[in-house]
Amino acid sequence: MAPRSRLHVPHPPARPGQEPDFSYLEISPAGAVNRPDITAAVRDIENLSLEMVRVLDDEHRSVGPWNPHLEAEELQVGLRHMLLTRLFDDRMQKIQRQGRISFYIKSTGEEAVAVAQGMALQPTDMLFPSYRQQGLHVVRGRNLVDLMCQCLSNTRDMCKGRQMPIMYHWGSGNIFTISGNLATQFPQAVGWAMAAAIKGEDRLAASWIGEGASAEADFHHAMTFAAVYQAPVILNLVNNQYAISTFQGFAGGEHRTFAQRGPGYGIPGIRVDGNDFLAVYAVTQWAAQRARASAGPTLIEHVTYRAGAHSTSDDPSRYRPKEEWQAWPLGDPITRLKQHLIVLGEWSEERHARLEKELEAYVTACWKEAESYGTLTGGPALDPLTMFEDVLKQMPPSLVHQREELRALQASAAKQPHSAPSVAKKG
Amino acid sequence: MAPRSRLHVPHPPARPGQEPDFSYLEISPAGAVNRPDITAAVRDIENLSLEMVRVLDDEHRSVGPWNPHLEAEELQVGLRHMLLTRLFDDRMQKIQRQGRISFYIKSTGEEAVAVAQGMALQPTDMLFPSYRQQGLHVVRGRNLVDLMCQCLSNTRDMCKGRQMPIMYHWGSGNIFTISGNLATQFPQAVGWAMAAAIKGEDRLAASWIGEGASAEADFHHAMTFAAVYQAPVILNLVNNQYAISTFQGFAGGEHRTFAQRGPGYGIPGIRVDGNDFLAVYAVTQWAAQRARASAGPTLIEHVTYRAGAHSTSDDPSRYRPKEEWQAWPLGDPITRLKQHLIVLGEWSEERHARLEKELEAYVTACWKEAESYGTLTGGPALDPLTMFEDVLKQMPPSLVHQREELRALQASAAKQPHSAPSVAKKG
Amino acid sequence: MARMNMVQALNSAMDVMLERDPRVVILGEDVGYFGGVFRVTEGLQRKYGEHRVLDTPIAEGGIVAAAIGMGVNGLKPVAEIQFADYIYPGFDQVVSELARVRYRSAGEFSAPVTIRTPCGGGIRGGQTHSQSPESVFTHVCGIKVVMPSNPYDAKGLLISAIEDEDPVVFFEPKRIYNGPFDGDPHKPAVPWSAHPRGEVPEGHYTVPIGRAEVVREGRQASVLTYGTMVHVAEAAVRLAGVDAEIIDVRTMSPLDVETLCTSVCKTGRCVVVHEATRFSGYGAELVATVQEECFWNLEAPIQRVTGWDTPYPHAFEWEYFPGPARIAAALKQVTEAA
Amino acid sequence: MARMNMVQALNSAMDVMLERDPRVVILGEDVGYFGGVFRVTEGLQRKYGEHRVLDTPIAEGGIVAAAIGMGVNGLKPVAEIQFADYIYPGFDQVVSELARVRYRSAGEFSAPVTIRTPCGGGIRGGQTHSQSPESVFTHVCGIKVVMPSNPYDAKGLLISAIEDEDPVVFFEPKRIYNGPFDGDPHKPAVPWSAHPRGEVPEGHYTVPIGRAEVVREGRQASVLTYGTMVHVAEAAVRLAGVDAEIIDVRTMSPLDVETLCTSVCKTGRCVVVHEATRFSGYGAELVATVQEECFWNLEAPIQRVTGWDTPYPHAFEWEYFPGPARIAAALKQVTEAA
Ligand SMILES: Cc1ncc(C[n+]2csc(CCOP(=O)(O)OP(=O)(O)O)c2C)c(N)n1
Ligand SMILES: Cc1ncc(C[n+]2csc(CCOP(=O)(O)OP(=O)(O)O)c2C)c(N)n1
Ligand SMILES: [Mg+2]
Ligand SMILES: [Mg+2]
């Protein structure tokens with residue numbers, strides 16, 4: 001066999017020890033991209049998928065046709081949600097490091113995606129997130145205690161101890177249950193939207209997928225079904241540059257933007273500065289108007305950066321320069337919105353510091369309450385016998401039997417081990 | 001529930017009893033599309049995926065930059081291969097109608113795809129066809145008897161009776177085994193091409209998929225892997241307007257060409273008049289040059305029409321006007337090449353009639369020989385005990401045991417039924 | 001009452017449910033305008049409109065996923081997978097999603113999807129139009145798995161499946177779509193109209209999921225089987241001259257252990273029959289359950305009569321098919337065992 | 001000889017094979033530069049180059065398909081599926097393609113692909129990082145299915161798998177990557193260096209596919225198990241105080257019936273243990289085979305000790321896990337049965 005090879009292998013711009021290099025990233029100036037009518041034909045608006053919609057300029061002013069002209073209060077709410085999401089993430093990560101929960105996934109650096117989008121949608125719209133849009137729960141007013149209890153698998157866990165941390169759901173909040181299997185939610189959201197259209201309802205569905213997961217079959221199914229039935233759905237591809245260790249080139253992002261997948265299927269694609277709260281809000285509004293006007297689905301690529309590790313099982317210093325986040329040309333979404341509000345005269349460093357303190361205290365209070373409902377290692381605990389419920393709506397005889405077997409076992413065993421000290425890697 | 005629905009449902013242009021209507025089809029004039037250099041960047045040649053490469057004009061002359069300037073003899077060989085493919089198909093269909101084989105699939109109307117492409121590639125290139133590229137076997141000089149024996153599941157069946165008719169393969173001819181599961185060959189071809197690149201070989205892989213099957217996950221995987229590794233592969237999407245009963249709109253072709261999927265992944269897409277032998281040849285040559293120059297994969301959409309039924313299990317008069325084939329604006333690939341040769345002064349109606357007779361006789365002779373090796377209902381028969389072979393390279397004890405069980409059973413049974421009269425639908 | 005073959009009975013079940021329940025929608029490849037390659041959905045789109053009966057792209061994973069989304073949004077989708085052999089591209093959505101939505105959300109979300117799919121061989125379909133993959137689905141908790149053996153059950157069970165609040169994978173043995181089949185392909189085809197279970201009420205009725213049926217009472221042995229093989233077993237019992245009880249399992253999961261084991265404990269001898277390959281086939285579960293429950297009554301090892309552990313070969317389908325002779329031999333073996 | 005844990009042993013197997021055979025290539029999500037999320041491929045890309053050890057897109061179906069194409073083109077691909085729970089998106093390519101290429105082409109084409117994938121629970125992975133789906137693969141003819149229980153076997157079996165001319169699905173019980181686990185999560189972790197099977201030759205050797213191993217001789221009962229549960233069974237035998245023979249099945253398919261049945265025919269009593277859910281689990285096949293071969297020697301019904309028929313719950317993994325107490329109870333039951 002010849003040692004020579006002509007197989008192309010994508011290379012990330014930088015490895016640990018090298019200078020961060022984001023020269024591959026094509027960035028449009030703020031305000032530069034036109035905002036077409038929602039009824040425009042795909043072929044007339046292909047530029048949206050190649051350029052980058054941006055509203056906040058380098059002086060932190062909002063400019064151009066995509067400026068959503070939000071009230072200052074609304075921006076403050078957005079800032080608050082993003083900050084709360086970040087502080088919540090930081091706390092939970094710390095708690096995981098202490099071994100008090102088994103796993104965690106932060107959304108640091110990407111808060112604008114979930115928060116701006118959540119705010120641009122109606123509460124009745126149905127959301128099918130991946131595991132990195134906890135901001136949606138924050139926007140919709142979820143009590144953080146609920147999220148924490150899920151991470152703790154305690155007596156108030158909405159998942160009754162069945163799922164790993166961060167696999168939230170919220171029926172009344174219209175947020176779907178998260179799966180461990182990547183990408184599966186994407187075509188489900190399309191099916192949900194098809195049903196809404198069949199019923200003639202005005203609700204839309206939105207879903208989120210990582211750029212890495214977009215290589216899965218489900219992405220293709222979602223795009224195809226959405227295009228064929230012109231389903232009222234917003235399909236969000238969050239390109240945070242990394243899957244776990246592999247950069248976006250391994251998902252097919254080397255030669256073309258992910259937003260360009262849209263036009264390939266006859267679906268408008270929009271590439272947006274995912275760290276620009278106003279731009280994300282604006283494109284979401286545009287896509288939502290399209291969906292509500294029966295004008296069809298939209299694919300949005302959010303260009304952002306995963307500032308933290310993939311999860312608490314991951315150590316990114318093994319595969320990328322530590323300094324990348326600082327070098328990321330689109331900045332930090334929280335800082336940018338904060339600076340914008342300051343420029344508007346609607347915010348200050350002092351107010352920000354005060355808010356941060358307030359939210360920190362709130363997170364602390366929530367955690368205290370959550371812990372009172374039990375932890376992995378102590379306090380009140382869920383009854384293990386509940387594990388036999390909800391497999392089917394009605395428990396079949398075999399499961400009744402197995403539950404009784406476990407009940408008897410527990411009765412006979414003086415002490416049955418209840419938890420493991422070891423926590424290994426999870427993807 | 002509201003009876004109103006805003007779900008879009010694609011509608012074919014015509015149903016049985018209605019006038020055929022191909023106004024949806026965008027057709028470029030022959031010679032109108034530019035032929036870029038094989039090193040051109042995807043974004044600079046997107047027009048190739050929206051327009052239509054055509055060489056033969058309405059006067060049957062070859063025109064424009066894509067004209068491959070083939071010798072007359074080569075064109076005559078192409079004509080012969082296409083005609084033989086068609087006559088073979090017609091004969092096998094008749095034979096199926098007589099109940100002498102269990103199933104058949106014709107390629108009528110699409111012969112130019114397999115034949116022109118087969119001729120434009122090297123014999124060492126590896127082919128991963130779907131079930132409608134029998135022309136590839138013809139081009140590569142396969143004895144028709146071999147194909148017929150496969151359809152007969154007889155003693156000379158290359159598949160040893162294991163596969164339905166038309167599921168050919170040809171190891172030494174570099175044509176891969178056909179699967180009943182749609183689309184699976186597409187990413188396999190990419191893997192094969194990756195291996196060729198890893199080994200530093202100059203061989204390329206080509207694969208074919210129907211526009212209907214392109215909705216399967218495998219299409220997405222093939223495109224993604226081909227794009228990421230820039231594999232030396234030609235990915236052909238044969239858009240013959242129909243899956244089984246559903247027109248191409250149900251595969252996502254309503255709002256955009258299938259060729260446009262290519263640029264969506266960063267892969268050049270070319271839309272070609274699939275019934276224009278010269279155009280198909282030319283684009284294949286271009287794509288093959290790209291692959292051999294390590295310039296990456298190419299997606300080719302062949303715009304053609306499935307003139308016959310989906311298979312012998314199908315009755316297209318239930319879902320489309322009988323007259324559609326006559327109304328098809330891109331004509332019949334055989335007639336068009338024939339007329340071109342006549343215009344060139346290299347062919348005549350008489351020679352054509354003579355060729356047809358000769359090939360008919362050849363097919364008849366092949367069939368006679370094939371039948372002599374056994375049919376489903378008589379003559380020599382394969383040993384059923386061979387069914388236990390090739391599950392694994394070495395037969396495991398359990399299968400040895402099962403084979404002996406069957407052997408004993410057959411010995412004890414005076415007469416064991418060997419075939420069924422009933423043949424039901426297959427997809 | 002009307003006479004229906006299995007195709008008509010299944011069609012009638014969907015017709016009844018589309019009529020009664022506006023939440024019911026049908027989706028799948030070629031199921032709409034065309035009425036399905038086996039014509040099981042014939043006429044339904046014309047009657048209920050193309051928003052209730054949807055043709056889909058060819059993407060089984062997409063079909064199942066879309067059905068899940070629809071189910072979550074309050075519809076009751078009935079998805080057709082054109083051949084059971086083609087359910088694998090949708091396997092992840094069935095196993096990781098459809099079967100898990102209720103559990104992982106602690107009951108807050110659920111997707112009451114029915115997946116219909118024709119299975120089994122004997123129609124010269126070769127290895128990719130003949131498979132019976134029920135076993136792998138029975139290993140997946142969170143879904144029910146059903147296979148009827150006659151028109152009456154087919155309609156009643158399909159209505160139950162659609163009404164069920166849990167997902168059901170509904171296998172349709174296509175060899176008996178048009179008539180019962182006793183395992184001899186050379187005999188003239190028998191239509192369902194000549195069979196008592198070809199009498200099918202036109203309106204709504206149900207056959208409960210989770211209940212097996214004794215289709216022939218007997219004392220010498222028990223045959224546990226389902227689908228096409230119920231009829232083949234009947235022929236085998238006649239052939240063997242053994243007074244065997246035949247049980248149509250009907251629901252593979254959840255299993256009606258009681259009916260099965262009552263029979264085997266009574267007869268003390270058992271043959272398990274299915275068309276799928278033997279190794280880790282559903283028969284293994286039946287044997288394992290029965291030997292556990294009836295061990296002290298068993299007088300002979302339980303025999304499995306199944307497809308061989310090879311793909312279903314086109315030319316040798318009748319040598320592959322576990323026909324009456326093989327079943328009869330097993331019956332003799334278990335009844336003659338000391 | 002060196003001391004290796006299972007991760008190192010598996011890594012060493014690939015290292016040896018990459019070195020010996022230029023056809024061997026590794027592919028999978030994060031397996032290249034990063035060395036795999038469990039670090040099983042650590043250092044291999046650095047040593048052999050990025051054309052022998054390939055990071056891939058996140059698409060299990062694409063990974064398997066690409067591996068098939070590479071196999072057809074003369075390479076010997078070793079594909080990693082990051083978690084066994086994520087093999088389902090590639091299921092069609094495994095079942096309909098990888099397992100069928102040789103058969104349907106009558107041996108003219110074949111794809112000698114090895115699929116490695118970590119399986120099993122006990123690492124707080126919840127329902128989608130804990131599954132043991134071996135059963136469904138054993139029902140698919142045309143592939144071999146293997147699961148080692150210790151570093152020595154892991155390396156020897158993985159080398160055999162890579163050298164095998166047939167496809168092998170190779171399950172790696174991740175709970176015992178770093179050390180044997182006896183079922184008690186509260187005990188301090190034990191490293192492989194303290195275990196005799198943590199002694200692993202550095203070079204090439206093989207452990208044959210298709211052969212079970214008696215890991216403990218005994219007279220009173222036979223425990224048939226594999227993977228993590230081999231160690232748990234050892235603890236259970238001590239706990240129960242029963243002189244049981246423990247058999248590590250090692251290769252689920254093709255099964256070494258002889259070794260298993262020789263043991264059970266000798267002891268007359270049998271317990272089958274696995275971590276996967278019980279219904280239609282691989283244990284059913286073991287029970288079905290054993291009762292057929294050893295019926296006349298069996299003195300008690302064969303017991304199955306398995307995961308419950310629910311998804312693997314995050315909070316209750318130790319109540320879910322078929323631990324020593326449950327196995328010991330089953331051992332008592334079979335040995336005390338009249
Ligand atoms: C089907 C499947 N394959 C693999 C994994 C393991 N896995 C979990 S997250 C992840 C990376 C996903 O990257 P991306 O989609 O970019 O999302 P991000 O984490 O960046 O938000 C992988 C490979 C999985 N959960 N599911
Ligand atoms: C996975 C899978 N799903 C469904 C089928 C049934 N089926 C066979 S051919 C066909 C239509 C394919 O249409 P297209 O891809 O356009 O190819 P064409 O027949 O037009 O060449 C269908 C649905 C199959 N063979 N495999
Ligand atoms: Mg990412
Ligand atoms: Mg087609």
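Keep in mind the model is a prediction, meaning the values are calculated, not measured. Numbers restart at 1 for each chain; the letters A, B, ... are given by sequence-line order, proteins then strands.
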query: Measuring heavy-atom distances to chain C, does Ser96(D) have an atom under 4.5 Å in its side chain, in its backbone, in both, or in neither?
result: side chain
- line: In short, Phe279(C) meets Thr138(D) closest at the heavy-atom pair CD2-O, 3.2 Å
- prompt: Counting heavy-atom pairs under 4.5 Å to chain C, which of Ser135(D), Cys294(D), Gly90(D) comes out on top?
  reply: Ser135(D)
statement: Residue from Pro313(D), Ala288(D), Pro311(D) scoring the most non-hydrogen pairs under 4.5 Å with chain C is Pro311(D)
- prompt: Can Thr289(D) and Arg304(C) be said to form a side-chain contact (heavy atoms from CB on, under 4.5 Å), step by step?
  reply: CA-CA 10 Å; Thr289(D) 295; Arg304(C) 286 184 280 174; 3.6 Å; yes
message: Would you say that Phe91(C) contacts Asp92(D) through its side chain, given a criterion of any heavy-atom pair below 4.5 Å between the two side chains?
response: no
message: Is any side-chain heavy atom of Val290(C) closer than 4.5 Å to one of Gln291(D)?
response: no
- request: Kindly indicate whether the side chain of Glu292(D), heavy atoms from C-beta on, has any atom under 4.5 Å from the side chain of Ile302(C).
  value: no
query: Considering all heavy atoms of both residues, which atom of Ala300(D) and which atom of Trp296(C) are nearest to each other, and what is their separation?
result: CA-CH2, 4.0 Å
- prompt: Any side-chain heavy atom of Ser280(D) within less than 4.5 Å of one from Phe137(C)?
  reply: no
Candidate pair Phe295(D) and Leu298(C), rule side-chain contact (heavy atoms from CB on, under 4.5 Å), full reasoning: CA-CA 9 Å; Phe295(D) 182 83; Leu298(C) 279 177; 3.8 Å; yes
query: Picking from Met252(D), Gln131(D), Glu60(D), Arg278(D), which has the most non-hydrogen pairs under 4.5 angstrom with chain C?
result: Arg278(D)
message: For Glu258(D), I'd like to know if atom CD has over 12 heavy atoms of other residues, nucleotides or ligands within 6.0 Å.
response: no
query: Contact part of Glu299(C) toward chain D, heavy-atom cut-off under 4.5 Å: side chain, backbone, both or neither?
result: backbone
Closest non-hydrogen atom pair between Glu285(D) and Gly281(C), with its separation: OE1-N, 4.4 Å
